[in-house]
Amino acid sequence: AQRVTQPEKLLSVFKGAPVELKCNYSYSGSPELFWYVQYSRQRLQLLLRHISRESIKGFTADLNKGETSFHLKKPFAQEEDSAMYYCALRGYSTLTFGKGTMLLVSP
Amino acid sequence: GAGVSQSPRYKVAKRGQDVALRCDPISGHVSLFWYQQALGQGPEFLTYFQNEAQLDKSGLPSDRFFAERPEGSVSTLKIQRTQQEDSAVYLCASSSRGGRTGELFFGEGSRLTVL
């Protein structure tokens with residue numbers, strides 16, 4: 001079975017502080033990992049995927065197969081980063097999502 | 001339209017009623033997915049179509065749930081004899097690629113409340 005765990009329901013930081021949204025997964029093969037984001041009153045959208053090894057809006061995520069983690073990081077949070085973030089895994093089945101972490105960035 | 005369109009955006013049903021939720025994917029997108037998102041949870045997979053073929057319906061929670069995509073474009077998710085536990089946001093997503101490999105583009109969802 002494939003499973004995604006996001007241990008934090010809510011992460012609250014001040015503007016300019018570093019952010020790390022945790023994601024751990026369970027999967028026996030080689031997974032594809034993604035981060036999706038949902039801003040207030042907007043639809044769910046792809047933020048980044050581990051295959052691309054890209055930085056989007058200052059966010060990066062590194063797949064750590066040893067620790068089965070795919071944490072999302074940003075060195076300096078901005079107020080516009082406030083949103084719901086979902087980690088997702090695609091293995092032998094379709095996309096499996098975690099329960100999500102709400103990121104609140106205060107001024 | 002430019003994105004995935006879902007209707008109705010909000011639906012209130014009395015327990016026992018049948019409901020139908022519509023998804024209009026991005027034009028030309030081959031793959032279509034339905035997800036159920038309960039309050040405080042992440043989206044959970046329901047079913048997947050490639051063109052008109054329903055290739056995976058393993059996530060449908062009961063035989064009260066039925067989905068179709070007869071012409072390989074618009075899809076309808078039907079829930080018969082709704083129960084309170086069916087209350088959730090139903091998300092539709094489409095992808096330009098066949099299989100499960102492409103980027104998913106999500107609609108805004110249909111929020112179903114069963115009283």
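In the text below, chain A, chain B and the rest are named by the order of the sequence lines, each starting its count at 1.
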Report task. Taking the side chain as every heavy atom from C-beta outward, state whether B:F49 and B:S75 have any pair of such atoms under 4.5 Å apart. Result ->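 Result yes, sub-4.5 Å side-chain heavy-atom pair found.
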
Query raised in the report: For residues A:Q2 and A:T96, is any side-chain donor paired with an opposing acceptor at under 3.5 Å?
Result: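 Side chains of A:Q2 and A:T96: pair found under 3.5 Å.
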
Query raised in the report: Is the closest side-chain donor-acceptor distance between B:T47 and B:Q54 under 3.5 Å?
Result: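 The answer is yes; a qualifying pair exists.
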
Report task. Anything in residues 38-45 of chain A with a heavy-atom distance to chain B below 4.5 Å? Please list those residues in order. Result ->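 Only A:R43, A:L44 of residues 38-45 of chain A have a heavy atom under 4.5 Å from chain B.
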
**Report entry** Any residue meeting ring pair (Phe, Tyr, Trp, His ring centres under 6.0 Å) with B:F105, in chain and number order, not counting sequence neighbours
**Finding:**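 With neighbours one apart ignored, the set is B:H29.
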
**Report entry** Structural part of A:F34 lying under 4.5 Å from a heavy atom of chain B
**Finding:**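 No part of A:F34 comes within 4.5 Å of chain B.
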
Query raised in the report: Take atom CD in B:E85; do more than 12 heavy atoms of anything else shown fall under 6.0 Å from it?
Result: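 Atom CD in B:E85 is crowded, with more than 12 foreign heavy atoms closer than 6.0 Å.
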
**Report entry** Contact class of B:Q37 relative to chain A, heavy atoms under 4.5 angstrom
**Finding:**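 The side chain, not the backbone.
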
Query raised in the report: What is the distance from atom CG of A:N64 to atom NE2 of A:H71, rounded to the nearest 0.5 Å?
Result: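 Going from CG on A:N64 over to NE2 on A:H71, the span is 7.5 Å.
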
Requested in this report: Could you tell me whether A:Y36 and A:F97 have their ring centroids closer than 6.0 angstrom?
Outcome: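 Aromatic pair counts; centres sit under 6.0 Å.
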
